[in-house]
There are 2 protein chains.
Amino acid sequence: MTVENWLKVLSDNGYRLTDSRRAVVEIVNDSSRAMTPLEVFDSARSSHPELGLVTVYRTLEKLEELHLIQRVHQPAGCQAFISARQGHQHMLLCQRCGQVTYFEGDDLDNLITNIADKTGYSIKEHWLQLFGLCAKCHSSNPNQVPGLFHS
Amino acid sequence: MTVENWLKVLSDNGYRLTDSRRAVVEIVNDSSRAMTPLEVFDSARSSHPELGLVTVYRTLEKLEELHLIQRVHQPAGCQAFISARQGHQHMLLCQRCGQVTYFEGDDLDNLITNIADKTGYSIKEHWLQLFGLCAKCHSSNPNQVPGLFHS
DNA sequence: TCTCTATTGAAAATCATTTTCAATTATAGA
DNA sequence: TCTATAATTGAAAATGATTTTCAATAGAGA
Ligand SMILES: [Mn+2]
Ligand SMILES: [Mn+2]
Ligand SMILES: [Zn+2]
Ligand SMILES: [Zn+2]
């Protein structure tokens with residue numbers, strides 16, 4: 001989804017298009033890493049110095065509500081957001097550079113049926129996330145201890 | 001693991017056994033739901049009224065460090081802790097009552113190999129969590145909208 | 001252009017968590 | 001058992017993140 005798509009969704013849902021929102025949308029839409037509100041703020045201020053952190057929070061809230069972005073849970077914290085994909089998707093996160101790569105084609109049906117049988121639960125949803133090193137980070141220094149995450 | 005086991009681990013690691021710690025350990029060890037520091041505090045105070053919330057935070061911190069408990073990530077928040085299992089385990093959470101059930105025997109090797117090939121990532125870890133209704137909650141009212149979680 | 005109301009950023013408020021600190025207490029050793 | 005000592009405690013203060021308040025501003029439809 002492009003910046004223009006996001007702006008159209010905001011507009012179609014009755015939200016006004018302002019410079020502040022455009023600045024936030026441009027940064028978040030473009031990022032392949034999950035960003036915290038403060039990171040978005042710092043980055044967006046280079047093109048829009050009068051932007052307030054409060055507006056970043058408010059814009060991220062709306063983008064999340066419209067399913068344009070989603071919160072990313074990581075060992076080091078769960079405040080960061082990344083551009084969302086449509087439908088059921090999972091992500092793969094680089095423990096060194098933070099790069100997020102979506103993948104599909106997970107086949108958990110057997111696993112889920114088994115667990116449902118064993119436990120008696122009726123299973124409605126699942127979360128699957130993979131962590132590792134992206135090709136670039138892996139080749140640059142495969143043994144370095146990751147710095148982005150604890151534990 | 002019993003309360004006594006946990007206390008022994010604390011003691012073996014040079015931590016003193018105090019009434020405050022015992023109160024926290026008893027509550028958390030016994031719970032089959034993930035509990036926030038405030039929930040632990042409220043619950044532990046019935047048997048130990050002079051307990052401070054700070055001590056709950058400090059005790060949970062030590063229990064986590066010793067791998068006796070682990071943080072649980074949920075759509076509604078990521079501040080709750082539950083008794084941990086040894087080794088690689090995953091959990092299944094009831095969206096109505098919060099009950100946590102561990103399961104093993106996930107077979108993600110094929111999936112992970114596929115994704116590694118497709119993406120070029122070197123995959124080190126994974127998170128898998130299932131959400132649904134436990135047998136009890138499902139039979140009592142299978143269609144009710146879950147109240148514990150948002151989104 | 002004009003009007004109306006959503007949106008803005010600053011400041012204040014709130015909420016969760018951490019730090020500080022002086023008093024207390026668990027525990028190792030005498 | 002008694003003592004010395006350092007770990008631990010809870011209250012209060014500090015911090016940090018997020019939310020609310022509010023008066024000024026500015027999109028967007030008429
Ligand atoms: Mn899936
Ligand atoms: Mn697994
Ligand atoms: Zn990387
Ligand atoms: Zn249940």
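Numbers restart at 1 for each chain; the letters A, B, ... are given by sequence-line order, proteins then strands. Side-chain atoms are counted along with the backbone in the values below, which use heavy atoms only and exclude waters and symmetry mates.
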What is the distance, to the nearest angstrom, from the [atom1] atom on [X] to the [atom2] atom on [N]?
| X | N | atom1 | atom2 | result |
| --- | --- | --- | --- | --- |
| L10(A) | dT7(C) | CG | C1' | 13 Å |
| F81(B) | dA16(C) | CZ | C1' | 13 Å |
| L53(B) | dT19(C) | CG | C1' | 14 Å |
| Y57(B) | dT9(D) | OH | P | 16 Å |
| R21(B) | dT27(C) | CZ | C1' | 13 Å |
| E39(A) | dA17(D) | CD | C1' | 14 Å |
| F41(A) | dA17(D) | CZ | C1' | 14 Å |

**Report entry** Whether H88(A) and H126(A) hold their rings parallel, tilted or perpendicular, with breakpoints at 30° and 60°
**Finding:**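 Taking H126(A) first and then H88(A), their aromatic rings stand perpendicular (interplane angle over 60°).
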Query raised in the report: With sequence neighbours left out, what residues match F41(B) under ring-ring contact (aromatic ring centres under 6.0 Å, His included)?
Result: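 ring-ring contact (aromatic ring centres under 6.0 Å, His included) list for F41(B), sorted by chain: empty.
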Please list each protein N or O that sits under 3.5 Å from an N or O in nucleotides 27-30 of chain D, with the distance.
unit_1  : atom_1 : unit_2 : atom_2 : d
dG27(D) : N2     : R16(A) : NH2    : 2.9
dG27(D) : N3     : R16(A) : NH1    : 3.2
dA28(D) : OP1    : L17(A) : N      : 2.9

Taking salt bridge (charged side-chain N to carboxylate O under 4.0 Å, His left out) as the test, write out the residues that go with [X], two or more places apart.
| X | result |
| --- | --- |
| R22(A) | D19(A) |
| D12(B) | K8(B) |
| K136(B) | none |

Query raised in the report: Considering only heavy atoms, which members of residues 58-72 of chain B lie under 4.0 Å from some atom of DNA chain C?
Result: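 Within this stretch, R58(B) sit under 4.0 Å of the strand.
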Test side-chain contact (heavy atoms from CB on, under 4.5 Å) applied to [X] - qualifying residues, sequence neighbours left out:
| X | value |
| --- | --- |
| S83(B) | W6(B), R85(B) |
| S46(B) | none |
| Q129(B) | W127(A), V72(B), M91(B), L93(B), F131(B) |
| S20(B) | T18(B), H48(B), L51(B), T55(B) |

Report task. For residues L130(B) and T119(A), determine if any side-chain heavy atom of one lies less than 4.5 Å from a side-chain heavy atom of the other. Result -> no
**Report entry** Pairs involving residues 56-70 of chain B, ordered by first then second residue, that meet side chain to side chain donor-acceptor pair (under 3.5 Å) (sequence neighbours left out)
**Finding:**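 Those involving residues 56-70 of chain B are Y15(B)-E65(B), Q70(B)-Y102(B).
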Requested in this report: Assign L38(B) to base, sugar-phosphate, or nothing according to its heavy-atom contacts below 4.0 angstrom with the strands shown.
Outcome: nothing
Between the protein and nucleotides 14-16 of chain D, list every N/O to N/O distance that falls short of 3.5 Å.
none

Query raised in the report: Counting side-chain heavy atoms from CB outward, which of dT9(D), dT20(D), dA11(D) is closest to V54(A)?
Result: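 When the side chain of V54(A) is considered, dT20(D) is the closest of dT9(D), dT20(D), dA11(D).
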